[in-house]
Amino acid sequence: MPDPIDAETVIRDGRVTGAFPDDIHEGVAWWVAACFVVVSRARQLAVAHDGHPITAEFHQRFCRGAINAQHFGCQVASLGTADEAQLLHAMKALGSVPGAWLSTTDDGGRQTVTIRLYDADGQSVAEGTGLAKVREMIASDRIPIPVNDQARGSITERRDLVEAL
């Protein structure tokens, strides 16, 4: 695994979080997304971020990881900058699909990136509902490999779902 992470430390307590770039890097977003699509068997996801420049890059990598997860052909609705309430609303508007919200906090020069995963009912994904499996896949280097063009999903910008609120 290129640029490994301490999965036990970073993927816990209902979220994926760590100091950037020490504990977590942009590639982790790809890994988490690909594993989440496989674990949740998602054909569609809604993804949003808080607008922080670091988070924007993690958001792009997350979306690309999701569309490349094995043969799922996951369709990603990229909401761009939105808060968690807007994400949850969009997930429901899309037909109750899973989602992810990415954020970055600055604390005295240290930036902490957090990825929160939600199931199709809008509940945070916890240890027993998929987070442990995502962590296990990453820790054991069983991240789904990118797929061919025919099996790849797509990313659609869906700012309309955020602006409607």
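The structure presented is a predicted model; accordingly, all values stated were derived computationally and were not measured.
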(message) Can you confirm whether or not the ring centre of H25 sits under 6.0 Å from the ring centre of W31?
(response)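 Yes - the distance between ring centres of H25 and W31 falls below the 6.0 Å cut-off.
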(message) Let's go through F72 and R43 carefully: what are the C-alpha distance in whole Å and the side-chain angles of both, what is the deciding distance for side chain to side chain contact (heavy atoms under 4.5 Å, CB included) to 0.1 Å, and is it a yes or a no?
(response) CA-CA 6 Å; F72 284 89; R43 297 284 180 189; 4.0 Å; yes
Please check if the side chain of [X] supplies one atom and the backbone of [Y] the other of a donor-acceptor pair under 3.5 Å.
X    : Y    : answer
T55  : G51  : no
S96  : K92  : no
N148 : Q150 : yes
T114 : T17  : no
W101 : L88  : no

(request) Before accepting this row, confirm whether a basic side-chain N of the pair E127/R12 lies closer than 4.0 Å to the acidic partner's carboxylate O. (result)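 Not counted as a salt bridge, because no side-chain N and carboxylate O are separated by less than 4.0 Å.
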Report the distance from atom [atom1] of [X] to atom [atom2] of [Y], rounding to the nearest 0.5 Å.
X    : Y    : atom1 : atom2 : result
R110 : F20  : CZ    : CZ    : 13.0 Å
R135 : C35  : CZ    : SG    : 12.0 Å
H49  : L102 : NE2   : CG    : 8.5 Å
L117 : R15  : CG    : CZ    : 12.0 Å
E26  : Q60  : CD    : CD    : 10.0 Å
D50  : H52  : CG    : NE2   : 7.0 Å

(request) Apply side chain to side chain contact (heavy atoms under 4.5 Å, CB included) to Q86 and L79, showing your working. (result) CA-CA 9 Å; Q86 291 169 315; L79 307 177; 6.0 Å; no
Between [X] and [Y], what is the shortest heavy-atom contact and its length?
X    : Y   : value
G18  : D23 : CA-CB, 3.8 Å
A29  : R61 : CB-CB, 4.0 Å
A46  : M91 : CB-CG, 3.8 Å
P98  : A42 : CG-CB, 4.0 Å
I155 : C63 : CD1-CB, 3.6 Å
A66  : L45 : CB-CD1, 3.7 Å

(message) Looking at D107, I'd like to know if its CG atom is crowded, meaning that more than 12 non-hydrogen atoms belonging to other residues, nucleotides or ligands lie closer than 6.0 Å.
(response)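 Counting other residues, nucleotides and ligands, CG of D107 stays at 12 neighbours or fewer.
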Within the structure provided, determine whether [X] and [Y] are in side-chain contact (heavy-atom separation under 4.5 Å).
X    : Y    : value
T104 : T112 : no
I54  : V113 : yes
I5   : I24  : no
L94  : Q44  : yes
R152 : N68  : yes

(request) Taking atom types as modelled, find out whether S154 and Q75 have a side-chain donor-acceptor pair closer than 3.5 angstrom. (result)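 S154 vs Q75: donor-acceptor pair found between side chains.
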(message) With no hydrogens and no angle check, just 3.5 Å: does a side-chain donor-acceptor pair link T156 and R158?
(response)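 Looking only at side-chain atoms, R158 and T156 do not form any donor-acceptor pair under 3.5 Å.
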(request) Show your working on side chain to side chain contact (heavy atoms under 4.5 Å, CB included) between H89 and L161 and close with a plain yes or no. (result) CA-CA 8 Å; H89 171 79; L161 294 170; 5.7 Å; no
(request) Report the C-alpha separation of V47 and S78 in whole Å, then their side-chain angles, then the decisive distance to 0.1 Å, and conclude whether the side chain to side chain contact (heavy atoms under 4.5 Å, CB included) test is met. (result) CA-CA 5 Å; V47 184; S78 174; 5.6 Å; no
